[in-house]
Structures are given as structure tokens and as C-alpha cells.
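Since the structure is predicted, the reported quantities are computational estimates derived from the model, not experimental observations.
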Amino acid sequence: MTKTDLIAAIAAKTDFTKKDSEKALTAVIDAIQEALVKGDKVQLVGFGTFEVRDRKAKEALNPATKEKIKVPAKKAPVFKAGKSLKEAVAAGKKKKK
């Protein structure tokens, strides 16, 4: 599903126009991103949690040259699925309203 598909799905499930759906989706994405940049966790009960985790520096191999390279430490955004989302995906069904 692309962002355009998601906007169309939001519009179909609400009384929003596609333009309003795009604004709403963009606002949600921006809010999540801003929270993660500040170091906050975004928890949507039943759906999942977005958070930032620290990745340690490590050594890796360049597959082309077999040369060892150093990979610097960094912060990475991660998503952990919630119980309801995991169960719905495992069962292959849509969430009940």
C-alpha cells in the first residue's frame, strides 16, 4: 500500500475529501516524527509503539572487498507491533469496529 492508497482508504472510511485525508495523514506522520526527534516514545495502544533506539558502533565486512569497515554508532527509529495488530495479522482478518 502506498501513501496515495492510504489516503484513498482514509477518505473511503471517513467523510473526508482526499485532500483532507492527506492533511490528516501528513499531520499524524509529522507528529510521530517530531516526537521521535525529541526522544519521546509514541504508543498507540493495540496498534504499536514507535521509539528511537541506540545502535552501537560495530565492525562489519565489505562484501565486495572482504575488507573490515567500522560502522559508527547511530540512533534508529523502530516500531514494535501491539498485541491487537499481531493477532489480526496472524489471523488474517480486519479489526472489528
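- Within the model, atoms NZ of Lys3 and CD of Glu22 stand 6.0 Å from one another, a figure rounded to the nearest 0.5 Å.
- Tested against Ser21 for a side-chain contact (heavy atoms from CB on, under 4.5 Å), the candidates Ile10, Leu6, Thr26 yield a single pass: Ile10.
- Of the possible polar contacts, one joining the Asp5 side chain to the Thr2 backbone as a donor-acceptor pair under 3.5 Å is found.
- Summarising the geometry, atom NZ belonging to Lys80 is positioned 5.5 Å from atom NZ belonging to Lys86; distances are rounded to the nearest 0.5 Å.
- Interatomic distance, CG of Leu85 versus CG of Leu44, reported as 10.5 Å (0.5 Å rounding).
- Rounding to the nearest 0.5 Å gives a distance of 6.5 Å between CG of Asn62 and CD of Glu67.
- The two residues Gly46 and Ser84 come nearest to each other via the heavy atoms O-CB, 3.2 Å.
- Taken together through direct or relayed side-chain contacts under 4.5 Å among Ile, Leu, Val, Met, Phe, Trp and Tyr, Ile29 and Phe16 form part of one hydrophobic cluster.
- Linking Ile, Leu, Val, Met, Phe, Trp and Tyr whenever their side-chain heavy atoms come within less than 4.5 Å puts Ile7 and Met1 in one cluster.
- Partners of Phe79 under the ring-ring contact (aromatic ring centres under 6.0 Å, His included) rule, at least two apart in sequence or in another chain, are Phe47, Phe50.
- A distance of 8.0 Å separates CG of Leu61 from CD1 of Ile69, quoted to the nearest 0.5 Å.
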> When you look at Lys75 and Leu36, which way does the side chain to side chain contact (heavy atoms under 4.5 Å, CB included) test go after all the steps?
Replying inline: CA-CA 10 Å; Lys75 293 180 181 276; Leu36 294 176; over 6 Å; no
